[in-house]
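Contents: one structure, followed by commentary.
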Amino acid sequence: MAAMLMSSTSPIISVSGLSKTYATGFSALKSVDLEIRRGEIFALLGPNGAGKTTLISIICGLVKPSTGTVLADGYDIIRDYRAARATIGLVPQELTTDAFETVWSTVSFSRGLFGKPKDPAFIERILKELSLWDKKDTQIRRLSGGMKRRVLIAKALAHEPRILFLDEPTAGVDVELRQDMWQMVRRLKESGVTIILTTHYIEEAEEMADRIGVISKGEIILVEEKAELMRKLGKKQLSLQLQQPIEAVPATLAAFNLSLSPAGDELVYTYDTQAERTGITTLLQGLAEAGIRFRDLSTSQSSLEDIFVSLVRERA
Amino acid sequence: MTTVTTNRDAEAGMRLNFRAIAAIYRFEMARTWRTPSQSIVSPVLSTALYFVVFGGAIGSRMQSIDGVPYGAFIVPGLIMMSLLTQSIANASFAIYFPKFTGTIYELLSAPVAWWEAVIGYVGAAASKSMLLGLIILLTATFFVPLRIEHPAMMLLFLVLTATTFSLFGFIIGIWADGFEKLQVIPLLIVTPLAFLGGSFYSIAMLPPFWQKVTLFNPVVYLISGFRWSFYGIADVSLGVSLGMTLFFLVLCIGIVGWIFRTGYRLKN
Ligand SMILES: Nc1ncnc2c1ncn2[C@@H]1O[C@H](COP(=O)(O)OP(=O)(O)OP(=O)(O)O)[C@@H](O)[C@H]1O
Ligand SMILES: [Mg+2]
């Protein structure tokens with residue numbers, strides 16, 4: 001009874017106090033705590049070297065944690081590794097395949113490796129969904145990079161996992177395959193599979209995820225519902241280069257919280273793209289009424305890098 | 001709801017992933033049939049050349065050893081030599097290659113115990129080399145007069161040796177972090193030991209000092225026991241041969257166990 005209760009409400013993955021120091025002495029994860037909810041799509045966002053692959057590799061059993069624990073579907077990934085791993089499928093970041101195997105045999109192999117009985121009909125369905133069916137007897141080395149990535153996805157799904165890790169699934173993938181892939185991810189989510197994907201691109205996380213975690217230098221610096229994060233990230237700046245330097249921002253424009261450059265020749269207005277009214281029109285009217293003329297203007301959106309930097313500074 | 005609980009219990013209770021062992025074994029055997037000329041024809045052919053040269057051409061000029069014609073005398077030793085080298089080559093390559101290409105990620109992420117992986121890989125490597133040994137044996141009958149006095153013991157030595165040296169190869173494959181290391185032990189240690197292990201001569205033919213030195217060569221015991229199962233003649237007693245062979249098997253199992261308990265070289 002307790003087990004049943006736990007299985008429906010508890011997080012499907014819970015990571016606590018997880019650290020990893022590689023043999024080189026490099027500390028790739030620093031006491032990470034993270035909970036993944038049952039059935040969600042979670043995007044792990046972070047720059048190169050942030051520790052995304054390390055985190056995934058520990059959960060999946062490829063890398064040994066230095067300290068901390070991970071539970072997958074309630075099972076400790078080390079003590080109950082069989083039960084934990086049976087629920088997890090992994091699509092690795094690198095395209096690593098057995099060059100001389102056929103698509104069919106490599107996918108069937110994966111199913112056997114995870115201890116599932118043969119089910120040709122199921123494998124046929126996966127291959128068809130991933131548009132690999134006509135390639136089923138082709139050796140993997142004769143496939144294109146995008147096709148190889150599909151094969152890796154098919155292998156990860158071959159044992160019907162409840163949790164799927166996609167480590168940078170869209171690296172080197174064209175628009176069409178990306179759309180196919182997102183469709184497949186949505187179908188999997190509908191069937192109850194929890195999906196964790198990593199990416200460098202905020203747009204990708206925005207398109208797919210329910211929640212987003214940001215990782216930088218081995219630390220999870222924020223975990224947020226997507227809508228909330230988009231609001232935070234949705235800030236833009238409008239810079240106005242003035243024809244004549246001014247001494248101070250006129251009192252009539254105080255409501256806009258403008259910032260004036262030290263030389264007095266540039267005004268910067270920060271606004272929220274997600275807001276109903278950005279206030280740009282009224283600002284420009286206000287400037288005209290105050291007799292401030294400008295010779296150029298530009299807008300900029302804070303990049304993911306900027307946001308990382310500011311988030312890390314906030315914490316420091 | 002009850003089915004959910006049952007499934008969880010079934011998953012948690014998986015004690016032996018037999019399907020994984022079978023999958024690894026089949027995968028490895030399939031690799032053999034994909035390249036038969038490399039994995040079967042060439043080792044058989046190179047051993048058969050010995051029969052032609054020593055059995056046919058030179059053998060007729062050589063004295064019989066303990067009443068066994070020279071061509072027939074060398075057959076057990078030659079089979080042992082290919083059993084050793086092929087077992088090591090098969091098993092070391094089988095585990096090294098996935099490490100090299102990165103496909104080992106899947107094995108590491110699967111609900112597979114280390115000893116299940118060992119059974120799959122080592123079982124396949126041993127099967128292949130035993131098959132090879134039997135094919136060589138069959139080939140030999142075309143060139144030299146053979147008799148097998150103790151077939152059961154012969155098969156026992158075949159199984160023990162193939163398993164032991166496949167385990168040894170597996171250890172090399174895990175230890176190696178480059179193709180050079182993969183080659184160096186077979187080339188610099190195993191081949192000389194095999195050649196000096198009494199394939200081509202009886203230990204009794206050596207000067208007394210070298211007879212003593214030779215007893216430090218483990219291959220001597222394998223070849224001596226194996227040859228006994230053919231002709232009932234041996235350099236060292238059967239019990240010692242069998243004992244040493246079992247000792248090497250246990251030693252290799254122990255090393256593999258230690259490697260995996262310490263996670264040595266497979267996981268960061
Ligand atoms: N085997 C290893 N030995 C030593 N350091 C390592 C090892 N693997 C990874 N690292 C280091 O750990 C850090 C995190 O690497 P990781 O692969 O987890 O980053 P990532 O977030 O996945 O990056 P990317 O976006 O480039 O894939 C990096 O600085 C990397 O150099
Ligand atoms: Mg990575």
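Sequence lines set the chain letters: A, B, ... in the order given, protein chains first and strands last, and positions in each chain run from 1. Since this is a predicted model, take the numbers as computed values, not measurements.
Looking at A/D80, there are no atoms closer than 4.5 Å to chain B (heavy atoms on both sides), in backbone or side chain. When heavy atoms are compared at a cutoff of 4.5 Å, B/A117 does not approach chain A at all. For a residue to count as touching a neighbouring chain, one of its non-hydrogen atoms must lie under 4.5 Å from one of that chain's; by this rule B/L107 touches chain A with backbone and side chain alike. The part of B/R34 that comes within reach of chain A is its side chain, from C-beta onward, which places non-hydrogen atoms under 4.5 angstrom from that chain. There is no contact between A/S108 and chain B, counting heavy-atom distances below 4.5 Å.
With respect to chain A, the highest number of heavy-atom pairs below 4.5 Å among B/A22, B/G120, B/A20, B/P98 belongs to B/A20. Note on B/S109, B/G102, B/A23: by heavy-atom pairs under 4.5 Å with chain A, the leading option is B/S109.
By the ring-ring contact (aromatic ring centres under 6.0 Å, His included) test, B/F226 pairs with B/F230, sequence neighbours left out.
Residue A/S105 holds its OG atom at 7.5 Å from CZ of B/F27, rounded to the nearest 0.5 Å. The structure places OH of B/Y105 at 13.0 Å from CD of A/Q93, a figure rounded to the nearest 0.5 Å.
With a 4.5 Å cut-off on side-chain heavy atoms, A/F109 and B/E106 count as touching. B/R19 is not listed as a side-chain neighbour of A/K116, based on a closest heavy-atom distance of 4.5 Å or more. With contacts defined as side-chain heavy-atom distances shorter than 4.5 Å, the pair A/F100/B/R31 does not qualify.
Scanning all heavy atoms of the two residues, the minimum distance from A/T96 to B/T101 falls at CG2-O, 3.2 Å. Considering all non-hydrogen atoms of both residues, B/V112 and A/Y81 come closest at O-CE1, 3.8 Å. The two atoms that bring B/N17 and A/F114 nearest to each other are ND2-C, 4.0 Å, heavy atoms only.
Scanning residues 12-25 of chain A against chain B with a 4.5 Å heavy-atom cutoff picks out A/K20, A/Y22, ordered by number.
Side-chain atoms of A/R85 come within 3.5 Å of backbone atoms of B/A110 as a donor-acceptor pair (strictly under, hydrogens ignored). Remark: side-chain polar atoms of A/D98 are not paired, donor with acceptor, to backbone N or O of B/T103 under 3.5 angstrom. A distance-only check finds a donor-acceptor pair linking the side chain of A/R82 to the backbone of B/P111 [under 3.5 Å].
Remark: A/K30 NZ is packed, more than 12 non-hydrogen atoms of other residues, nucleotides or ligands lying under 6.0 Å away.
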